[in-house]
Structure formats: C-alpha cells, structure tokens
Amino acid sequence: MLIILIRGLAMAALVATLTGCAAGPVNPRLDVYGPDGYRYAKVRGEGAEQELFVILAFSGGGTRAAAFSYGLLEGLQSITYRPPPDAERTLLADVDVISSVSGGSFTAAHYALFGVEGFKRFEEDFLYRDIQGELIARALAPWNWVRLLRSDYSRIDLAADLYDEVVFKRATFATLLQQSRGRPYVLLNATDMTLGARFEFTQDQFDLLCSDLSQVPVARAVAASSAFPILLSPLTLHNYGADHCDPDRFVPPTWLKSASEPSNPPRRQALARNLMSYRQDLKDRPFVHLLDGGLADNIGLRGPYIALSGQDSAWSVYSKINNRQIRRVLVITANAKTGRAPSWDRRESPPGISGVLGLVTTGPMGNYSFETVQLIAEHFGRLNADIETYGACERIAKAQCPAFSMPFELPAPVSFHAVELSFDKVTDNRDLQLCLEGLATSFALPRAQVTLVRQVAQRLLMTSPEFLDAMRAIAPGWQPPEVRIDPALIAEACSKD
Amino acid sequence: MSYVIVRFVEPREVYIDDQAQGSNLAASGKPRALFVGAGVHTFRLGGAADVDPPTQKLDVPERPILDPFCVAFHKC
C-alpha cells in the first residue's frame with residue numbers, strides 16, 4: 001500500500017513538473033499595434049449590414065440560458081424573406097452582432113464558430129450534455145489535484161480546458177475570425193473584478209492590454225464569461241502594457257480621448273476612465289482578473305447600448321445611420337431570468353440560507369438587467385418619437401403652407417425595434433411560466449427541459465408583438481408560423497418527480 | 001443623445017472623432033442632421049485642406065431633433 005502511495009506521489013510530482021513546464025500565459029503579448037485581429041470591421045466588412053442591422057443579446061443562466069438563446073437562433077433560422085433586390089435568405093443570416101454573457105456565451109461563440117451547420121453538434125456537445133458532471137469529475141480526478149495545486153492553474157483553467165476540448169474544438173480567436181464570413185461579430189462579455197465593469201473579448205479591448213487576442217482560445221473567453229463566483233475561480237490575464245509594450249506606440253481611438261474629457265456626461269466619462277485604466281495605471285494593473293460577465297451586465301446589452309447611443313464604439317450604429325448604411329435596427333434579447341420563489345410568502349418562517357444566498361447573488365443582477373432592457377426600450381422609444389416628430393412637423397407645416405420644406409434633412413428614415421424574450425412573457429399558461437421561472441441554473445439540465453426551453457424561445461419570438469411589428473417593416477406580408485409546444489413535453493419537463 | 005448639423009459651403013465628408021459620418025449636405029443641398037451622442041467630440045471635414053478651423057473639439061449638448069446643434073466651418 002505504501003509503495004502504491006509513493007508511486008502515486010512520484011507520478012503526481014512528475015505530472016506537476018511536466019504540466020508546469022507546459023503552462024504559458026493565457027493571453028500572449030501583442031507584437032505590433034495594427035488594424036488586424038478580431039474587430040467588427042474585420043468580421044462584418046463593408047456593406048454587410050444591408051439596411052437591416054440586427055443585434056442579439058444572450059443573457060446568463062447556465063444551460064437554461066444557452067438553450068433559450070439557441071431556441072432564438074432556431075427561430076430566426078426558420079424565418080425566410082426576400083429583401084429586394086436580393087435573393088431569399090433567413091433572418092438569422094442578417095444578424096450582425098451577438099453580445100452574450102455566461103451561459104449565453106456558449107451559444108454565441110459556437111454559432112459564430114460553426115454556423116448553422118454546427119447546430120446539431122452544439123446540441124450534442126453542450127446543450128444535452130452533463131457538462132457540470134464532467135467538470136466535477138475532472139476536478140475530482142487525482143491527476144488534476146496536482147495541477148490545481150499550481151499557482152498558475154485553477155478551477156477556471158480546468159473548465160476552460162474542458163470547453164476547449166469538447167465544445168469549441170481548440171478554436172482560437174484567429175479561428176473565429178477565419179470562420180467569420182457571413183457570421184455575426186460576437187462580444188463575449190466577462191467582468192473585470194477591480195472595475196466591476198464589462199470586459200469584452202475583442203482586439204479593441206486587448207489593444208489596451210497590449211495583448212494579442214488571436215491566439216487566445218475561444219473557450220477561455222467563454223470560461224471567463226461564465227466564471228460564476230466561488231464555484232469557479234477568476235480568469236487572470238496579463239496586462240503587458242506594464243512591462244513589455246511601448247505606451248507611446250499605442251494610440252487610443254479618438255472617441256476614447258474625447259470621452260476622457262471631464263465635461264462629458266458621467267456615464268461616458270466612466271466608460272473612458274475604466275478603459276484608460278488599463279493604460280494609465282500600468283504599475284498597479286499588470287494583471288486583470290475576470291469573473292462571470294453577469295456581474296457587470298447579466299443581459300449582454302450594455303455593450304450594444306454604447307454602440308446604439310453614440311460614436312463611442314468601433315461599430316457605432318449612429319455612424320452607420322449617418323452613413324445611410326442601415327434603415328432598421330432590431331435588437332432581440334433572450335433573457336433567461338428566473339423568478340422569485342412564490343412559496344416564501346406563504347409561510348411565516350423566513351427563507352433559509354440557500355434562498356437568501358440565491359437572492360443576494362442573483363437579485364441585483366436581475367434588477368440591473370430589467371433596467372438595462374428598459375434603457376434600450378426607452379432609447380428606441382425616444383429615437384422613434386424624434387423621427388416621428390420630424391415627419392409630423394413637416395406634414396403640419398406643409399398643410400398650412402404647401403411650399404414649406406424642412407430646413408434640414410435626416411440621414412434616412414430609420415426605425416428602431418426592441419424585442420425581449422423572457423419567461424414572464426409566457427402569459428397564457430401560468431403553470432408553464434412558473435415551471436420555466438423555476439428551472440435550475442446549472443450546466444446540466446434534463447433533456448426535456450432543454451427541449452422545452454428551446455421551443456418556448458421560438459414560440460415567444462413568433463408571438464412577440466414587438467417582433468411582429470418589426471417584421472411588418474422588414475418583410476411585409478410575412479406570416480409567423482404557429483409554434484406548438486407538446487403538452488406531454490411540458491408535463492415531462494415540469495414534473496416534480 | 002443629440003442631433004448635429006455641420007455647416008460648410010459645399011458637400012464634404014464629416015468626421016466625428018475620426019469616424020466617417022457621411023456628407024454634411026443631402027442631395028437636395030440642405031444640411032443633414034446627424035445622430036450624435038452627447039459629450040465632447042472632435043469634428044473635422046474631409047477633402048481639401050481649405051477648411052477653417054481644421055478641427056473643432058466641442059461639447060455637444062443634448063438637443064431635440066427640431067433644434068440641432070450647429071457646427072460651422074468656413075472655407076479659407
């Protein structure tokens with residue numbers, strides 16, 4: 001027995017030595033600043049928008065969120081239309097940007113890498129797989145104990161390695177860029193622990209770290225995006241600006257310099273201050289620690305909001321409107337939020353420790369997500385009202401004075417549409433709604449629950465008044481298909497057994 | 001958010017923080033109101049270097065669509 005133990009320890013030490021030698025930085029240094037890398041302009045190219053600009057936002061929520069956002073992709077893939085003068089295509093093919101958080105990042109990254117052709121594989125490799133069980137099994141494997149003792153290997157690395165192997169097939173951001181033709185630009189969002197702010201895996205963001213994103217595995221970004229606190233450790237990146245890069249060679253985008261001026265609106269100034277902290281606080285920030293993107297924004301809409309409300313983005317929607325590249329903006333959010341347990345208030349005794357912890361960890365995220373969805377809806381409401389005001393003013397003035405013409409023109413008639421899909425919109429079946437809102441947040445859901453969530457997403461899409469309104473403008477005459485959910489599936493997925 | 005008109009005697013490409021925004025004038029010859037996020041921006045025009053001033057850093061306030069903020073350049 002003693003011999004076996006000694007042999008085991010010797011083997012473990014050998015493994016530790018070997019794997020220790022193999023370890024390298026998560027994110028390599030950038031040799032030269034330039035326009036290359038995973039950036040919007042490189043992914044979508046000139047004129048990719050074709051008048052309609054579609055943004056999808058995928059929330060966090062483990063496999064539940066991944067299945068919900070996947071159901072949205074399936075729904076969009078089933079919609080075909082013929083925008084003149086082009087050939088018939090699917091609405092999914094028109095998606096320009098996907099911004100995702102946590103569980104939603106699995107769907108976003110997989111679709112961006114493998115496209116529609118990879119749908120079936122995503123179901124097998126992730127949605128219907130017990131990823132959580134495999135993670136636990138790997139954590140409990142003795143050879144991983146040794147690795148986990150190393151200072152440069154932790155639970156997040158274990159998770160990233162698993163995702164890299166079984167879901168993303170060793171793809172890096174260079175692969176993502178190579179595969180990007182006809183695919184959307186993906187913002188995989190994590191949270192910078194020091195700033196408590198959104199951190200996106202794009203070369204624009206990595207420029208600030210003087211780091212080359214192209215060699216980073218996509219799985220690392222997804223792992224950071226879904227690194228739920230305590231369960232998974234933070235993902236650590238090197239900020240090479242501190243010791244390797246010549247800061248003078250880096251020229252921040254002009255908007256970032258403008259946004260750094262103290263007279264800016266507070267939100268804009270805070271964005272600039274956070275981003276510039278990677279360059280200005282170099283001695284204090286040689287490392288950047290990332291956690292679940294849901295801590296900063298569990299709906300994935302904050303990045304798109306910046307692009308939708310100004311010029312402070314590499315893919316500013318205002319700039320595209322001003323350039324007459326787009327005439328319709330459609331934002332669809334797949335929000336897989338759950339509900340509060342209604343049984344709490346039926347009893348005098350207060351909720352237990354798990355209930356309190358659950359509320360503390362997810363309650364503020366849910367409230368912030370609600371505010372973010374409202375922010376987009378109100379922003380679009382104001383833009384549509386402004387354009388309507390312009391038109392109404394012209395009509396009224398012309399009615400009084402036919403020779404009147406407005407002293408200035410708008411770039412183009414633009415319409416803005418915001419659609420949110422969430423379980424609380426399942427209003428015709430209270431039991432189903434409660435069932436969906438009570439689904440667990442984990443990386444292993446029963447098969448029936450995954451299938452149910454996918455179908456619910458498609459049904460919510462096809463019955464959303466806001467989406468139908470958008471489709472009337474995008475494809476007049478289009479009729480939504482009926483999406484029927486099998487009662488037997490609901491019964492199986494929602495069974496308490 | 002805000003709306004901005006860039007005045008110049010002839011059509012020129014407008015750059016806001018070095019991002020192209022299309023022409024300052026519509027095909028009709030009227031100014032175009034551009035969608036701009038409120039805050040500090042650097043404006044310049046493309047084409048020949050006959051514009052005064054060459055660039056303008058301005059704090060664009062929130063403005064309603066019927067009363068856009070005006071940025072004026074002159075030909076020199």
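The basis for the numbers below is simple: all heavy atoms, side chains too, and nothing from hydrogens, waters or symmetry mates. Chain A is the first sequence line, chain B the second, and so forth, proteins listed ahead of strands; every chain is numbered from 1. Since the structure is predicted, the reported quantities are computational estimates derived from the model, not experimental observations.
- Listed for the A:Asn322 side chain is no donor-acceptor partner under 3.5 Å among the backbone atoms of B:Leu34.
- For the pair B:Phe35 and A:Gln311, the tightest heavy-atom approach, listed with the atom from each and the gap, is O-NE2, 2.9 Å.
- The two residues B:Ala33 and A:Phe408 make their nearest non-hydrogen contact at CB-CD1, 3.6 Å.
- Residues of residues 66-76 of chain B lying within less than 4.5 angstrom of chain A, judged on heavy atoms, are B:Leu66, B:Pro68 in numerical order.
- Within residues 2-10 of chain B, the residues having any heavy atom closer than 4.5 Å to a heavy atom of chain A are B:Tyr3, B:Ile5, listed by residue number.
- Smallest separation of non-hydrogen atoms from A:Pro407 and B:Pro31: O-CD, 3.3 Å.
- When all heavy atoms of A:Ser313 and B:Gln19 are compared, the closest pair comes out as O-OE1, 3.5 Å.
- Looking only at atom types and distance, the side chain of B:Asp17 has no donor-acceptor partner in the side chain of A:Thr254 under 3.5 Å away.
- For a residue to count as touching a neighbouring chain, one of its non-hydrogen atoms must lie under 4.5 Å from one of that chain's; by this rule A:Pro253 does not touch chain B.
- Residue contact with chain B, scored on non-hydrogen atoms closer than 4.5 Å, is absent for A:Leu256.
- A:Ser258 contributes atom OG, which lies 10.0 Å from atom CD1 of B:Ile16 (distance to the nearest 0.5 angstrom).
- Below 4.5 Å, heavy atoms of chain A meet heavy atoms from B:Ala38, B:Gly39, B:Val40, B:His41, B:Thr42, all part of residues 38-45 of chain B.
- Near-neighbour residues of residues 20-30 of chain B relative to chain A, defined by a heavy atom under 4.5 Å from a heavy atom of that chain, comprise B:Ala20, B:Gln21, B:Gly22, B:Ala26, B:Ser28, B:Lys30.
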Residues B:Asp59, A:Arg268; criterion salt bridge (charged side-chain N to carboxylate O under 4.0 Å, His left out); working and verdict = CA-CA 13 Å; B:Asp59 195 347; A:Arg268 188 175 190 231; over 6 Å; no

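- Among A:Gly310, A:Ser309, A:Ser263, the residue with the largest count of heavy-atom pairs under 4.5 Å with chain B is A:Ser263.
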